[in-house]
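A note on names: the letters A, B, ... follow the listed sequences, proteins ahead of strands, and every chain is numbered from 1.
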Amino acid sequence: MAEKKNTVRVEDDNYTHNIDRNNERALDRRGFMKTLVGAAGVFAVSSLPWGTIAAKELMGLADKEYPEHKIADIKDVKVGDSVEFHYPSEHDSAVLIRLGENEFVAYQNACTHLRCPVYWVKDQQEMVCPCHHGKFDVKTGAPTAGPPRRPLPEIIVKTKQGSVFAVRVKRYEA
Amino acid sequence: MKRSYIGVITLAIILFLDIICMQLLVHQFFYENYGNVLLYMIIMIILFPVAFIIYKKEKHKGGGASGK
Ligand code: FES
């Protein structure tokens, strides 16, 4: 056999190397291991973008101060009502809730489960996510029911001259 | 035919660790514990060469008549 034109690498020249019909060996043990290694590689590469953003945050590069953002005039929001707005960027939807005469809370309302928009249900006095019925406590943003595990990021608000302003996004305490 | 499953099993375990680390990494990211994110990233990056080394060692084990 060795005399013949040998297209098989010597190291692969064993009793089974010529089983090639109907892709019988398309996924043999070795091929399977290759796939596993490849998948590990994909995982390694896909962790890079998260890491770079994290490194940037750690070095304080992403620590920009966002300008105050006017959400609404106080007279337009009745007690118990909510207003949607966007903060800090156009793409971060958020919700402002007026709980009392002078009590405002605001959260980024992308659900901490799979980012569906959470909204305020007045009669239940709860924030509800429509996707999988996650619920959040309106006072703290902590999840109270459903799949979410992480509290909603709170936005610090202040009232000034009859309007409500978003000041900044509160960090989680580590 | 003798087979060696050690490589397959260890690689599967490594992939499993990868999945777990990815999950933890994403969670830590959203919790804004960026130090931990970096830690998990390093673990995942190290796991890849480890997997590759295991593959190299194991690819000729079992199956062959040469007994390599
Ligand atoms: S996305 Fe909100 S509960 Fe699943």
Enquirer: Could you pull out all residues at least two apart from A:K160 that satisfy side chain to side chain contact (heavy atoms under 4.5 Å, CB included)?
Expert: A:E68, A:K158, A:F165

Enquirer: Can you tell me which portion of B:F52 sits under 4.5 Å from chain A's heavy atoms? Options are side chain, backbone, both or neither.
Expert: both

Enquirer: Kindly write out the residues that satisfy salt bridge (charged side-chain N to carboxylate O under 4.0 Å, His left out) with A:E103, not counting sequence neighbours, or none if the list is empty.
Expert: none

Enquirer: Can B:I6 be reached from B:V8 by stepping across I, L, V, M, F, W or Y side chains whose heavy atoms are under 4.5 Å apart?
Expert: no

Enquirer: What's the spacing between A:F32 CZ and B:Y55 OH if we round to 0.5 Å?
Expert: 13.0 Å

Enquirer: Quick check for you: among B:M41, B:Q28, B:H27, which has the greatest number of heavy-atom pairs under 4.5 Å with chain A?
Expert: B:M41

Enquirer: State the OG1-CG distance between B:T10 and A:L36, to the nearest 0.5 angstrom.
Expert: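 If I round to the nearest 0.5 Å, the distance is 9.0 Å.
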
Enquirer: Quick check: closest heavy atoms across A:S47 and B:L25, and the distance to 0.1 Å?
Expert: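 Nearest pair, atom of A:S47 first, then B:L25: CB-CD1, 4.1 Å.
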
Enquirer: Are any non-hydrogen side-chain atoms of A:V37 and B:I54 less than 4.5 angstrom apart?
Expert: no

Enquirer: Heavy atom to heavy atom, less than 4.5 Å: which residues from residues 71-97 of chain A reach chain B?
Expert: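 Result: none.
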
Enquirer: Between B:F48 and A:A44, which heavy-atom pair has the shortest distance, and what is it?
Expert: CB-CB, 3.9 Å

Enquirer: Is there a side-chain contact between B:L15 and A:F43, using heavy atoms and a 4.5 Å cut-off?
Expert: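 The answer is yes, as the side chains (C-beta and beyond) meet within the 4.5 Å cut-off.
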
Enquirer: Could you check which of B:Y40, B:Y34, B:F29 has the highest count of heavy-atom pairs closer than 4.5 Å to chain A?
Expert: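 Ranked by contacts with chain A, first place is B:Y34.
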
Enquirer: Under a 4.5 Å heavy-atom cutoff, which of B:I45, B:I42, B:V50, B:L38 has the most pairs with chain A?
Expert: B:L38

Enquirer: More than 12 heavy atoms of other residues, nucleotides or ligands under 6.0 Å from NE2 of A:H69: yes or no?
Expert: yes

Enquirer: Is any residue of residues 126-155 of chain A within less than 4.5 Å of chain B by heavy atoms, and which ones?
Expert: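 Residues in range: A:R149, A:R150, A:P151.
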
Enquirer: Of all the heavy-atom pairs spanning A:R29 and B:K59, show the shortest one and how long it is.
Expert: NH2-O, 3.1 Å

Enquirer: Any idea which heavy atoms bring A:M33 and B:L11 closest together, and the distance?
Expert: CB-CD1, 3.5 Å

Enquirer: Non-hydrogen atoms of chain B under 4.5 Å away: do they reach the side chain of A:S46, the backbone, both or neither?
Expert: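 Both backbone and side chain.
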
Enquirer: Can you confirm whether more than 12 heavy atoms, excluding those of B:F30, are under 6.0 Å from its CZ atom?
Expert: yes

